[in-house]
Amino acid sequence: MQVLISMLVAAGASVSMGVWYRYRRKRAWRTLAGKRGLKVVGGGFSGMPELVGELDGYPIRVWVSEVEPNVQFTVVNAAQQTLRRPGFEQDLDALTGLLDEAVRRAIVDAEKA
């Protein structure tokens, strides 16, 4: 009986951690979208969100690329600049930094042209 209870507690903790992780990750993406005027596309309960829109006159797309099961990259595309970071980024500051860097590179490229 104690083994069964222990298994149920462990399973419950695992599910709770998974739900919390998904919530934090999606909250960061929604917050970034709201601050930068981007639109959140997709990303239902278990899906991966995508951000689309325009910043400083450049088309923006932020998404998660899954190259194989459990191997994911957060990808930011600003104009012709594409940056990748390993994992499904959930930290708002890191996600914002990745987006800002892609836009900065797009601006530098435009100035060179």
Side-chain angles (χ1 to χ4, degrees):
M1 183 68 169
Q2 287 181 338
V3 171
L4 179 59
I5 291 172
S6 295
M7 289 174 49
L8 289 174
V9 168
S14 177
V15 168
S16 296
M17 287 175 59
V19 169
W20 174 245
Y21 179 77
R22 274 191 218 99
Y23 170 77
R24 281 189 57 219
R25 181 172 60 196
K26 290 179 183 178
R27 182 181 63 192
W29 285 59
R30 284 190 306 270
T31 301
L32 178 62
K35 287 183 176 183
R36 298 300 177 90
L38 301 173
K39 181 179 177 184
V40 178
V41 179
F45 179 73
S46 62
M48 294 183 230
E50 182 175 330
L51 304 180
V52 294
E54 189 174 294
L55 282 177
D56 295 333
Y58 298 100
I60 301 294
R61 181 173 174 232
V62 182
W63 74 99
V64 175
S65 172
E66 189 167 52
V67 294
E68 60 184 64
N70 297 321
V71 179
Q72 300 170 333
F73 290 87
T74 299
V75 184
V76 176
N77 183 273
Q80 299 300 317
Q81 291 297 317
T82 302
L83 300 178
R84 290 175 180 80
R85 177 170 286 154
F88 190 145
E89 191 57 67
Q90 70 178 14
D91 179 67
L92 180 60
D93 291 336
L95 188 58
T96 301
L98 190 62
L99 178 60
D100 289 344
E101 179 62 18
V103 171
R104 188 190 65 74
R105 289 182 183 191
I107 291 169
V108 168
D109 275 358
E111 290 172 350
K112 289 180 183 177

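Please read these numbers as outputs of a predicted model, since none were measured by experiment. All values below come from the heavy atoms of this structure, side chains included, with hydrogens, waters and symmetry mates left out.
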Using 0.5 Å steps for rounding, measure from the [atom1] atom of [X] to the [atom2] atom of [Y].
X: Leu51; Y: Asn77; atom1: CG; atom2: CG; result: 12.5 Å
X: Leu92; Y: Lys35; atom1: CG; atom2: NZ; result: 5.0 Å
X: Gln72; Y: Ser65; atom1: CD; atom2: OG; result: 9.0 Å
X: Arg30; Y: Leu38; atom1: CZ; atom2: CG; result: 14.5 Å
X: Thr82; Y: Arg84; atom1: OG1; atom2: CZ; result: 6.0 Å
X: Leu32; Y: Leu98; atom1: CG; atom2: CG; result: 10.0 Å

Testing the basics here: between [X] and [Y], what is the closest heavy-atom pair and its distance to 0.1 Å?
X: Pro49; Y: Val40; value: CB-CG1, 4.2 Å
X: Thr96; Y: Arg36; value: CG2-NH2, 3.3 Å
X: Ala78; Y: Ala106; value: O-CB, 3.6 Å

(message) Quick one, Val67 and Phe73 - any side-chain contact, counting heavy atoms below 4.5 Å?
(response) yes
(message) Do Thr74 and Leu83 make a side-chain contact, defined as non-hydrogen atoms from C-beta onward lying under 4.5 Å apart?
(response) no
(request) Report, as yes or no, whether the 6.0 Å neighbourhood of atom CD on Glu54 holds more than 12 heavy atoms from other residues, nucleotides or ligands. (result) yes
(request) Please check if any side-chain donor atom of Asp109 sits under 3.5 Å from a side-chain acceptor atom of Gln81, or the reverse. (result) yes
(request) Taking salt bridge (Lys or Arg N to Asp or Glu O under 4.0 Å) as the test, write out the residues that go with Glu101, two or more places apart. (result) Arg104, Arg105
Output a table of donor-acceptor pairs, distance under 3.5 Å, between side-chain atoms of residues 57-64 and any protein atom two or more places apart or on a different chain; print 'none' if there are none.
unit_1 : atom_1 : unit_2 : atom_2 : d
Arg61  : NE     : Glu50  : OE2    : 2.7

(request) In sequence, state the C-alpha distance, the side-chain angles, and the governing distance for Glu66 and Val71, and then conclude on side chain to side chain contact (heavy atoms under 4.5 Å, CB included). (result) CA-CA 6 Å; Glu66 189 167 52; Val71 179; 6.0 Å; no
